[in-house]
Amino acid sequence: MLNDPVNLMSYVVMVFKKVLGFDETKARRHMLEVHEQGRSVVWTGVRETAEAHVFSLQQWHLTAVLEPDEKQAR
Amino acid sequence: MKSKRVEVKLSLPVVAPLLDVIRELSLELEKTLAAPQALHDLDQEFRGAWIDELLQGQNDDLKALLALFGGEFFTEGVVSFDETNAEPIVRACTAIRLQLRERRLKSLSDDALETGDIDMEGLDEQVRKAFMCYLFLATVQELIIQHLDSSIIGS
């Protein structure tokens with residue numbers, strides 16, 4: 001997930017809960033990570049599921065990207 | 001079980017002029033994603049289908065937002081949110097806000113947009129109207145997120 005200057009913090013938390021099934025604490029932690037560090041890895045796993053999550057996040061207009069897991073790629 | 005519904009009374013003279021801005025931006029977004037996405041990792045055919053589906057969803061959401069301002073709004077100033085329109089409207093508000101920043105509010109810094117610390121009197125009329133629209137849509141989002149429980153939105 002990449003930061004954007006438009007979306008409300010409450011909106012991002014809501015989307016993380018809805019799309020990724022996070023609880024409030026985890027959703028807030030990732031939201032703050034995106035806000036303060038510009039990005040946060042919100043999910044890792046098999047590609048098909050990752051694609052589905054990215055698509056859902058993009059439906060909510062969040063900037064989500066797919067990246068290979070560097071540890072596994074080695 | 002009765003479904004939850006939230007009714008909000010808006011100031012007609014304040015909100016009605018903002019609808020022109022929302023309609024204009026909705027038209028601009030018919031063929032453009034509000035948040036362009038980097039999809040380099042997908043093959044071309046899949047990427048096309050992916051973008052088409054995002055665009056279709058975006059357009060459906062924008063229709064839900066525009067439908068909010070129907071007869072009851074113009075006679076009573078009232079709009080209502082429920083389980084059928086809440087999510088599309090929250091998404092559409094974000095789409096319009098992203099487009100406002102990109103196309104109408106370039107002269108304002110991201111810090112100013114985020115804090116709202118802006119001298120409204122010093123703004124050009126068009127920018128002021130766009131910024132009011134930006135704030136109004138954020139308020140709509142907050143209302144929906146705060147007042148509709150998790151059975152409707154949020155989890």
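Chain letters run A, B, ... following the sequence lines, proteins first and then strands; every chain starts at 1.
- The choice from A:L8, A:D4, A:L2 that makes the most heavy-atom pairs within less than 4.5 Å of chain B is A:L8.
- With a 4.5 angstrom heavy-atom cutoff, B:R91 touches chain A via backbone and side-chain atoms both.
- A:M14 has its side chain within reach of B:V90: a pair of non-hydrogen atoms, C-beta onward, lies under 4.5 Å apart.
- Proximity to chain B (any heavy atom under 4.5 Å) is shown, for A:V54, by both the backbone and the side chain.
- Note that CD of B:E28 and CZ of B:R103 are 4.5 Å apart. Values are rounded to the nearest 0.5 Å.
- In this structure, chain B has no heavy atom under 4.5 Å from any part of A:L20.
- A distance of 15.0 Å separates CH2 in A:W43 from CZ in A:F16, rounded to the nearest 0.5 Å.
- In this structure, chain B has a heavy atom under 4.5 Å from the backbone of A:A64, while its side chain stays farther away.
- The closest side-chain heavy-atom distance from B:I144 to B:V6 is not below 4.5 Å.
- In this structure the side chain of B:F69 reaches within 4.5 angstrom of the side chain of B:L10, judged on heavy atoms.
- Residues A:H61 and A:N7 approach most closely at O-ND2, 3.7 Å, considering heavy atoms.
- Neither the backbone nor the side chain of A:E67 comes within contact range of chain B; no heavy atoms are under 4.5 Å apart.
- Listed by sequence position, B:E114, B:Y134 are the residues of residues 113-136 of chain B in contact with chain A, using a 4.5 angstrom heavy-atom cutoff.
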Determine, stepwise, if the pair A:R29 / A:E33 fulfils salt bridge (charged side-chain N to carboxylate O under 4.0 Å, His left out). CA-CA 6 Å; A:R29 190 171 73 239; A:E33 196 172 31; over 6 Å; no
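- Interatomic distance, NZ of A:K18 versus OH of A:Y11, reported as 11.5 Å (0.5 Å rounding).
- Judged by distance alone, the side chain of B:R5 and the main-chain N or O of B:S80 form no donor-acceptor pair under 3.5 Å.
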